[in-house]
2 protein chains.
Amino acid sequence: MARKQKNGHDPWARWRIATPGAPVSLASFDPAEKPLSSGNKADDRNRVDELAQELDALQNLFYADRRFKLLLVLQGLDTSGKDGTLRAVLGRMSPIGVRTVAWQAPTPVERAHDFLWRIHQQVPAAGEIVCFNRSHYEDVLVPVVTGQISGADKERRYAQINDFERLLVETGTVVLKFMLHISRREQRERLQERIDDPEKRWKFQRGDLDVRKQWDAYQLAYEQALAATATPWAPWTIVPADSKTHRNVMIALGLRDTMRSLDLHYPDEDPLLRDLKVE
Amino acid sequence: MARKQKNGHDPWARWRIATPGAPVSLASFDPAEKPLSSGNKADDRNRVDELAQELDALQNLFYADRRFKLLLVLQGLDTSGKDGTLRAVLGRMSPIGVRTVAWQAPTPVERAHDFLWRIHQQVPAAGEIVCFNRSHYEDVLVPVVTGQISGADKERRYAQINDFERLLVETGTVVLKFMLHISRREQRERLQERIDDPEKRWKFQRGDLDVRKQWDAYQLAYEQALAATATPWAPWTIVPADSKTHRNVMIALGLRDTMRSLDLHYPDEDPLLRDLKVE
């Protein structure tokens with residue numbers, strides 16, 4: 001996913017973290033930054049459309065190739081733009097071979113199993129792209145903020161997640177994890193918009209305001225989770241997400257570069273098929 | 001889905017069947033007909049794009065509305081255009097709330113259950129659109145052609161399918177079933193193209209030629225299945241599919257008209273939300 005600019009500067013370097021244990025301070029990542037912007041919003045919008053079309057072609061090839069599985073994890077607080085990213089970045093792909101899973105609070109049956117039980121059932125098959133809208137990371141964010149698990153349990157879950165993701169990677173899955181990072185001020189504006197706009201009101205839940213009150217606790221929980229689970233095999237990218245357009249550029253580019261790097265190709269042809277005539 | 005033209009002629013009438021037991025003769029449906037075409041291919045293509053965009057907006061509303069579930073069944077012989085329909089008609093929708101299931105031969109575990117067991121697990125939830133690429137109808141087509149079930153078992157399966165689909169409809173699911181009807185000649189051309197085009201060869205399987213040899217048996221099996229399962233609650237539409245563009249127009253229009261007829265709207269607003277200010 002590394003993209004060097006002409007001057008040798010890598011615009012991704014700061015935003016991509018892959019060293020487990022290295023401390024992460026979200027305050028040092030400005031949600032309003034636009035490291036990959038052209039400087040012109042209209043150009044950036046066109047770039048997203050172009051990338052979405054290229055991603056459609058790459059997905060078609062990915063499906064035919066069948067050597068890989070791709071898991072895209074989108075995490076972020078309410079209104080950080082997970083749904084919007086899905087629409088803008090994956091929205092041009094054929095529904096064949098692309099699947100999204102919107103994770104919600106676990107059901108009683110799911111709670112009666114380990115926290116990765118329901119997750120494992122939904123990981124991508126060969127040739128498939130699956131996008132998690134929220135994910136198993138909620139299980140080391142929500143219970144940490146609400147004080148429902150001990151520090152030892154939390155650490156154990158981080159390790160279990162790392163082991164689980166390594167299993168996926170070792171068995172042919174590319175795991176891309178994006179943390180959509182918005183500012184407290186931007187969230188206020190977006191929540192207010194949901195309340196004020198009759199076409200967006202259905203997305204608003206009163207509980208969203210309670211979660212917002214725990215802003216600092218969530219920032220801390222994210223910092224700890226990112227630091228503990230940014231591994232070489234499944235790195236995190238922190239995406240400054242106050243600008244929706246730039247957020248889309250960054251995620252689409254990350255996904256595009258990763259898919260390009262796989263050297264996808266159509267399966268080797270069966271030489272017996274040559275000159276075969278259908279009757 | 002009925003659309004009357006100015007002269008009172010309903011272009012759908014002949015292609016839509018909803019009377020269980022009435023005999024169906026596929027020979028009387030010309031796969032090359034274009035009952036909904038403008039007469040100009042470029043215009044028809046633009047129409048598909050426009051409809052795909054309208055469907056995207058309707059799906060967004062369908063998801064917010066949450067009163068309905070929508071099951072789209074695509075059946076048809078190899079190369080009849082199931083994948084292409086999915087791409088053209090559903091390809092603009094956000095992956096949120098849209099899911100496709102490509103059914104293949106049942107696994108040993110699936111075979112150890114009744115034939116609707118695996119199907120039931122994949123039906124749409126409230127607000128969701130699910131498209132079956134092949135479906136439970138394979139279970140009254142394949143074993144009939146290969147002689148693996150008795151006539152009595154076949155009749156029992158038809159009745160079980162009708163009961164199952166009525167359950168779905170009575171619990172809020174809209175069931176739309178499209179049979180993509182191609183000519184034997186068109187299939188030959190498309191299979192040959194798959195063999196000759198390196199980018200399409202991966203879609204070809206040698207078994208496809210064995211199935212093609214059973215053409216007449218499959219036409220008969222389809223006629224019987226259509227006649228037995230064309231119910232008022234889950235009618236079939238036979239789609240002439242030799243023209244890909246017209247096939248897309250017909251299915252997109254059918255889906256669009258059905259979704260429009262649901263009177264979708266955003267959920268009723270919570271009056272307590274008015275004047276709520278986010279802090």
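Quick note on labels: first sequence line is chain A, next is B, and so on, each numbered from 1.
For A:Ala102, no part lies under 4.5 angstrom from a heavy atom of chain B. B:Gln187 does not touch chain A: none of its heavy atoms, backbone or side chain, sits under 4.5 Å away. Residue B:Ile195 touches chain A through its side chain alone, counting heavy-atom pairs closer than 4.5 Å.
With 3.5 Å as the limit, one finds a donor-acceptor pair spanning the side chains of B:Gln75 and B:Glu138. A:Glu128 and A:Tyr63 are not linked by any side-chain donor-acceptor pair at a separation below 3.5 angstrom, with hydrogens and angles left out of the test. In this structure, a donor-acceptor pair under 3.5 Å is present between the side chains of B:Ser183 and B:Asp242.
Remark: A:Thr85 engages A:Arg247 in a side chain to side chain donor-acceptor pair (under 3.5 Å) (not counting sequence neighbours).
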Determine whether A:Asp56 and B:Arg87 satisfy the following criterion, salt bridge (Lys or Arg N to Asp or Glu O under 4.0 Å), listing intermediate values before the conclusion. CA-CA 10 Å; A:Asp56 177 33; B:Arg87 176 172 288 276; 2.8 Å; yes
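Using cut-offs of 30° and 60° for the angle between ring planes, the B:Phe132 and B:His136 rings count as perpendicular.
When the candidates A:Arg92, A:Arg66, A:Glu189, A:Arg99 are compared by the number of heavy-atom contacts under 4.5 Å with chain B, A:Arg92 comes out ahead.
Taking 4.0 Å as the cut-off between side-chain N and carboxylate O, B:Arg134 and B:Asp78 count as a salt-bridged pair.
Closest of all the heavy-atom pairs between B:Met179 and B:Leu26 is CE-CD1, 4.0 Å.
Identified by a heavy-atom distance below 4.5 Å to chain B, the contributing residues of residues 202-214 of chain A are A:Trp202, A:Phe204, A:Arg206, A:Leu209, A:Arg212, in residue-number order.
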